[in-house]
2 protein chains.
Amino acid sequence: MARPNKRTTLREVAEATGLSTAAVSYALRGKQVSKETEERVRKAAAELGYEADPIARALASGRTSMVGVLAGDLQDLWQQQLMAAIGRELLASDHYALILDAGGDPERELALAKQLRDQRVDALLVSPVNPSEEGWAAIADALPVVAVGDSLSRARTAGQVIFDNRAGIDAVLEYLHGLGHRRVTVLTPTRPSTPGRPADVYVREAAGRLGLWVELVPCPQELGEATAVARRVLDGDWSATAVFCFSDSLAYGVYGAAAEASLEVGRDVSVVGFDDHPVSRVLTPPLTTVDWGLAEIAVEAARLTVAAIEGKRVRRKRILCAPRMSERGSAVRV
Amino acid sequence: MARPNKRTTLREVAEATGLSTAAVSYALRGKQVSKETEERVRKAAAELGYEADPIARALASGRTSMVGVLAGDLQDLWQQQLMAAIGRELLASDHYALILDAGGDPERELALAKQLRDQRVDALLVSPVNPSEEGWAAIADALPVVAVGDSLSRARTAGQVIFDNRAGIDAVLEYLHGLGHRRVTVLTPTRPSTPGRPADVYVREAAGRLGLWVELVPCPQELGEATAVARRVLDGDWSATAVFCFSDSLAYGVYGAAAEASLEVGRDVSVVGFDDHPVSRVLTPPLTTVDWGLAEIAVEAARLTVAAIEGKRVRRKRILCAPRMSERGSAVRV
DNA sequence: GACATCTTGTTAACCGCTTAAGTTAACCGC
DNA sequence: GCGGTTAACTTAAGCGGTTAACAAGATGTC
């Protein structure tokens with residue numbers, strides 16, 4: 001015995017109005033019927049407390065009004081923030097966000113994408129994709145995929161909101177260079193296994209150009225582990241003068257480790273982040289970081305996604321986010 | 001023309017094996033069929049790349065394998081953290097979390113709950129409910145509701161994970177009292193309109209008992225606004241010596257405002273939080289706060305929810321979370 | 001050997017809605 | 001007054017599964 005709570009069905013409304021179910025269906029979606037019939041139907045529906053069953057509707061129409069949202073790593077506080085914003089935006093457009101966390105694992109990411117596709121979401125909104133994977137083709141084949149992030153995921157996407165990572169990285173390294181730093185440790189959120197990320201490449205290029213010595217250190221986004229890694233970096237014979245973190249979360253780890261080591265950020269160590277999470281502003285010293293405009297990103301991502309669902313051939317729109325340095329107190333002249 | 005990507009259907013598997021769709025349906029769920037038939041069906045299904053359509057299944061079976069998760073206010077960083085954890089846990093039990101954010105508005109919360117019910121989620125997992133509402137009855141009537149938080153939401157829930165807020169509040173105020181504080185400002189995350197929250201009552205009771213002067217100040221969870229409120233509190237003729245924040249997010253706002261006012265937290269101002277968000281540990285000074293054990297909360301909440309879905313009459317299980325003070329550097333003797 | 005009992009399948013009726021195609025009657029120009 | 005539209009519905013065929021009810025051969029019992 002299933003739940004005995006019967007909702008009123010379309011048929012009941014039809015019977016109540018003496019119309020066919022089809023007529024009612026049309027009427028409720030404002031199609032094909034006379035103004036007065038529509039009125040009559042609406043009234044009856046309201047009286048009976050009718051609410052269309054989304055499941056049945058999905059089965060018949062093929063659309064679920066759900067968007068699969070894939071976060072690269074929800075340990076990253078900024079991504080939590082982004083997901084919250086995206087959820088809000090999608091809801092505002094009458095879509096539900098099914099948020100899944102890949103936990104920084106590219107393979108898991110792809111697996112979850114498949115799961116979401118199988119779950120019949122209308123579209124996929126993917127945060128930082130690992131572009132190496134070509135299993136994505138099979139997915140982009142089945143539904144529109146919108147990418148947000150530095151993702152290279154090309155062609156197949158129905159839209160992209162891209163961070164100009166190269167520009168951001170250049171800006172930060174030039175900034176540090178301008179402050180006199182010559183040796184910089186870069187904390188990247190990547191697992192060691194992931195090869196040749198474009199971001200790494202950009203760092204090396206910029207460093208080469210500026211004559212900077214850089215050291216790339218992979219680091220988990222989880223704050224406890226990030227602190228541990230930072231501790232190891234700062235301890236003993238650390239020969240650099242600045243730490244550039246690929247996410248503000250990682251920078252927080254550096255703050256923690258620095259405090260433990262009695263180093264003062266913004267005096268003994270310079271730190272730069274990469275997201276502009278709200279917390280960065282209230283730290284002491286406030287974190288110098290790169291602002292990508294989270295709010296607009298969420299809005300644009302949601303917009304592109306909804307457009308893609310509605311079949312608007314948006315000529316594969318690409319939105320480019322420019323980096324804005326938020327210069328605060330954590331990086332200083334050396 | 002809808003998407004032309006046909007998935008393989010049950011019928012195709014049936015034809016391929018020469019069985020009826022019913023037999024295949026049973027076979028794939030390991031019921032009623034001989035071991036060898038099951039094997040044959042599985043093989044065929046695998047070859048054809050068959051994957052049951054969750055929508056069709058939901059329509060027929062009445063279960064969507066989706067859980068509606070209602071966050072009280074996702075501006076609160078700790079709640080973001082909690083939602084991420086709950087999403088993970090639910091996924092581990094083969095359920096998808098449909099996370100919606102009430103943004104601190106009790107009415108919106110109820111409206112979203114209705115939306116989720118109409119969306120046919122199998123169960124509702126509600127974070128901080130406003131218990132005054134009795135529209136909840138209609139919802140709890142239609143599906144199992146699991147509550148997590150200080151929620152009073154009674155009877156109708158299928159399970160609860162409760163924070164012993166009274167104990168937490170007592171612990172904090174006693175702690176502050178022990179440090180010599182006699183005048184405490186309390187930042188509450190509530191909109192001014194919300195009347196008589198139990199938390200407020202607990203504060204007044206404890207304050208009365210301890211002979212503490214307290215001032216309750218409502219404050220938005222959004223960090224920028226929280227900072228603004230904190231600024232106003234600390235400015236000029238602030239006569240208290242400590243700020244007790246009902247969420248770590250709010251405490252971060254105090255850190256920000258204090259820095260602006262050149263007050264040093266842990267020297268000029270004592271601050272206590274209430275969540276133990278990871279960031280609290282890396283602040284300078286690290287935030288003294290109350291740890292509720294987020295990880296276990298997520299696990300228990302997910303467990304209760306899944307149990308409720310599976311119809312286990314869990315005798316309305318209630319899990320009580322005890323507060324654990326994380327004494328760090330932000331509150332000092334005065 | 002007759003009858004009850006499993007086992008393993010099959011048939012077909014839904015689940016509640018959408019939508020292509022068909023029907024009817026009113027309306028139109030000429 | 002006749003073919004051609006058009007507006008407003010109705011019919012009915014799905015969408016892709018689940019599941020109660022029934023069938024028939026295999027097995028068991030005495």
Side-chain angles (χ1 to χ4, degrees), chain A residues 1-42 44-45 48-66 117-122 142 311, chain B residues 1-42 44-45 48-66 117-120 122 142:
Chain A
M1 184 199 69
R3 203 173 308 292
N5 300 59
K6 303 298 285 181
R7 316 164 34 129
T8 35
T9 78
L10 194 64
R11 186 192 326 283
E12 292 172 319
V13 179
E15 277 162 10
T17 53
L19 290 168
S20 68
T21 64
V24 175
S25 173
Y26 286 131
L28 290 175
R29 282 171 305 142
K31 293 185 170 181
Q32 274 214 24
V33 294
S34 70
K35 217 55 188 139
E36 43 187 43
T37 305
E38 178 172 338
E39 196 44 50
R40 196 153 52 90
V41 170
R42 281 198 194 294
L48 296 172
Y50 172 75
E51 200 73 49
D53 184 335
I55 303 296
R57 179 177 298 216
L59 183 57
S61 70
R63 298 173 57 177
T64 58
S65 79
M66 294 196 310
R117 175 200 55 188
D118 293 341
Q119 190 64 19
R120 294 246 129 157
V121 296
D122 290 340
Chain B
M1 185 198 72
R3 204 172 306 292
N5 301 59
K6 303 297 286 181
R7 317 167 29 131
T8 34
T9 79
L10 194 65
R11 187 192 323 286
E12 293 172 317
V13 179
E15 277 161 10
T17 53
L19 290 169
S20 68
T21 64
V24 175
S25 174
Y26 286 132
L28 290 174
R29 283 171 303 141
K31 293 185 170 179
Q32 272 212 28
V33 294
S34 70
K35 218 52 186 140
E36 44 187 42
T37 305
E38 178 172 340
E39 195 44 50
R40 194 153 54 93
V41 171
R42 281 199 194 294
L48 295 172
Y50 172 76
E51 201 73 50
D53 184 334
I55 304 297
R57 176 171 291 185
L59 183 57
S61 71
R63 298 173 57 177
T64 58
S65 77
M66 294 194 311
R117 175 200 56 187
D118 292 341
Q119 190 63 18
R120 294 243 129 162
D122 291 339

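Reminder, nothing fancy here: chain letters follow the sequence lines and each chain counts from 1. Below, each value reflects all heavy atoms present in this structure, side chains not excepted, and no hydrogens, waters or symmetry copies.
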Between the CE atom in A/Met66 and the CG atom in A/Asp122, the distance rounded to the nearest 0.5 Å is 7.5 Å
In short, B/Ala27 meets B/Val33 closest at the heavy-atom pair CA-CG2, 3.6 Å
Taking five pairs at each terminus, the helix from C/dG1-D/dC30 to C/dC30-D/dG1 shows an axis bend, to 10°, of 30°
In B/S/- notation (B base, S sugar-phosphate only, - none; protein heavy atoms under 4.0 Å), nucleotides 9-19 of chain D written 5' to 3' is BBB--BBBBBB
Separation between CG (B/Leu19) and OH (B/Tyr26), nearest 0.5 Å, reads 13.5 Å
Here the gap from A/Ser20 atom OG to A/Glu15 atom CD, rounded to the nearest 0.5 Å, amounts to 11.5 Å
Contact check, side chains of B/Arg7 and A/Asp118, non-hydrogen atoms, under 4.5 Å: yes
Sorted by chain and number, sequence neighbours left out, salt bridge (charged side-chain N to carboxylate O under 4.0 Å, His left out) with A/Arg42 holds for A/Glu38
d(A/Gln119 CD, B/Ile55 CD1) to nearest 0.5 Å is 6.5 Å
